[in-house]
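Counting begins at 1 with the first residue of the sequence.
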Amino acid sequence: MTDIYIISGFLGSGKTTLIKTMVRSVFRNKAVMVIENDFGETGIDAGLLREYDLNVTSLSAGCICCSLTGDFAAALNGILKDYSPDVILVEPSGVGRLSDILKICFRQEDKGRLHIRKTITVVDIRTFDKYLRNYGEFFEDQIIYADLVLLSHQEECPDRIRAIEEKIQRISPEIRIEADFWDSIPLSVFRFGPRNSNVIKMEMEEAVAIRPVRIRRNACGEGGQKMNFVRRYFARDVFSSVTLRWEPPLTEEQLGKKVLHVVKHADGEILRGKGIVPGENSGLVFHFIPGSLSIEPTSAAGNQICFIGTGLDERQIRTLFSEEEKDGDTCMGHNRSAGFGKDNTDQSAD
């Protein structure tokens with residue numbers, strides 16, 4: 001039977017980097033497949049994972065929990081039928097609800113071909129308070145249904161670690177939190193340990209559920225009486241993405257100025273930026289979250305850039321990125337590697 005791990009986490013928390021770490025250490029000598037879900041029409045993270053000779057199935061232009069439910073189920077069935085791997089790692093979009101992905105996996109687990117081994121959520125301590133405050137419904141769900149929470153970028157804000165741990169435990173008191181560098185965490189932490197009781201409860205509810213018909217908010221009942229049903233928002237209702245192609249080679253400085261020009265002048269709020277573009281001698285990969293931009297060379301080929309956020313105007317962003325970069329747009333927080341462990345690997349990949 002194939003074990004399945006779900007690697008969750010909000011935009012830019014470090015899910016892709018965690019998968020690379022786990023493949024090198026936790027699943028050494030194991031047959032591993034990855035299902036990667038980018039929100040938007042892009043497969044940037046899939047390209048970065050293939051650098052590690054991983055077999056990757058990429059689902060894009062939506063979320064597993066929204067428009068890609070059928071695609072995700074088909075991808076699981078195809079992998080199990082054609083490859084029968086030891087492990088499947090699922091990296092959902094950063095704006096997806098962990099609970100929704102779990103429900104889909106439960107249906108596949110019932111068929112007896114895979115076992116949900118662990119749900120892991122990556123939390124970036126730099127953005128925790130902002131995202132909890134502004135996107136609580138999505139953000140909290142990824143913590144409530146996690147068996148294990150791993151903190152990222154803890155070396156940048158070591159004085160905040162304890163406060164963030166306490167806030168996470170208020171959301172999910174029984175959760176296990178690891179604040180150490182990922183490559184120093186015992187392998188047993190990833191492979192074993194108790195399940196989150198919220199996950200167990202959901203599994204039991206799904207087994208006996210009679211699915212209700214959804215009713216629109218403020219629908220009228222008998223006699224014209226208003227019925228105030230709370231609307232449940234999907235990621236596509238709240239977040240938007242813009243993907244563009246870029247062919248001309250750029251230097252690191254040029255790329256940084258272009259990204260920050262978009263971030264500074266675009267309407268709405270950009271929560272995540274990532275992409276691979278041609279450089280002078282090799283490809284360049286960048287990762288942006290508010291307050292931090294990293295750019296570094298990569299052997300992966302690519303010509304795509306993706307911005308994710310709220311209230312984004314596609315035409316405006318395309319225009320801004322194509323404009324001549326402004327002298328005043330400097331690279332805030334620019335670094336070649338954000339650093340997460342002994343090998344100083346970047347943790348800003350989503």
Could you check whether any side-chain N or O of [X] sits under 3.5 Å from a backbone N or O of [Y], counting only pairs where one atom can act as donor and the other as acceptor?
{"X": "K15", "Y": "T121", "answer": "no"}
{"X": "S172", "Y": "I168", "answer": "no"}
{"X": "Q154", "Y": "D180", "answer": "yes"}
{"X": "D141", "Y": "E137", "answer": "no"}
{"X": "R126", "Y": "H153", "answer": "no"}
{"X": "E178", "Y": "I185", "answer": "no"}
{"X": "T127", "Y": "K130", "answer": "no"}
{"X": "Q316", "Y": "D267", "answer": "yes"}

Answer yes or no: are there more than 12 heavy-atom neighbours, outside [X] itself, under 6.0 Å from its atom [atom1]?
{"X": "R162", "atom1": "CZ", "value": "yes"}
{"X": "R245", "atom1": "CZ", "value": "no"}
{"X": "N29", "atom1": "CG", "value": "no"}
{"X": "D82", "atom1": "CG", "value": "yes"}

- prompt: Hey, does the Lys NZ or Arg CZ of R97 hover above the aromatic six-ring of F138, less than 6.0 Å from the centre and inside 45° of the axis?
  reply: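 Because its charged atom sits under 6.0 Å from the ring centre and within 45° of the axis, R97 does stack over F138.
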message: side chain to side chain contact (heavy atoms under 4.5 Å, CB included), that's the test. Do I295 and V259 meet it? Break it down for me.
response: CA-CA 10 Å; I295 301 174; V259 171; 5.8 Å; no
query: Which heavy-atom pair separates M22 from F190 by the least distance, and what is that distance?
result: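 Shortest heavy-atom contact: CE-CD2, 3.9 Å.
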query: Taking the inter-plane angle between the rings of Y5 and F27 on a 0 to 90° scale, is it parallel (under 30°), tilted (30 to 60°) or perpendicular (over 60°)?
result: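 Answer is perpendicular, since the angle exceeds 60°.
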query: Quick one: do R191 and D3 make a salt bridge, cutoff under 4.0 Å?
result: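 Looking at D3 together with R191, the answer is no, because their closest N to O distance does not fall below 4.0 Å.
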Do [X] and [Y] touch side chain to side chain, with heavy atoms closer than 4.5 Å?
{"X": "I289", "Y": "R272", "result": "yes"}
{"X": "F106", "Y": "V199", "result": "yes"}
{"X": "T21", "Y": "R24", "result": "yes"}
{"X": "V262", "Y": "I305", "result": "no"}

- request: Could you grab the distance from atom CE of M33 to atom CD1 of I79, nearest 0.5 Å is fine?
  value: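 Nearest 0.5 Å value for the CE-CD1 distance: 4.0 Å.
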- request: Working to the nearest 0.5 Å, report the span between CD of E155 and CD1 of I161.
  value: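 It is 8.5 Å, given to the nearest 0.5 Å.
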- request: Evaluate the criterion side chain to side chain donor-acceptor pair (under 3.5 Å) for residue pair E91 and T16; output intermediate values, then yes/no.
  value: CA-CA 7 Å; E91 181 191 353; T16 302; 2.8 Å; yes
query: When the aromatic ring centroids of F128 and F139 are compared, is their separation below 6.0 Å?
result: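 Yes, ring centres under 6.0 Å apart.
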message: Please say yes or no: joined through hydrophobic side-chain contacts below 4.5 Å, possibly via intermediate residues, are V87 and M1 part of one cluster?
response: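 No.
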Same apolar cluster: L187 and V122, side chain cutoff 4.5 Å: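 Yes, because L187 and V122 connect within a single hydrophobic cluster, where side-chain heavy atoms sit under 4.5 Å apart.
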query: Should Y131 and D124 be marked as a side chain to side chain contact (heavy atoms under 4.5 Å, CB included) after you check the CA-CA gap, both sets of side-chain angles, and the distance that decides it?
result: CA-CA 10 Å; Y131 289 166; D124 185 342; over 6 Å; no
task: State which residue, out of T119, N198, N196, fulfils the side chain to side chain donor-acceptor pair (under 3.5 Å) condition with D147.
output: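 Only one option passes, and that is T119.
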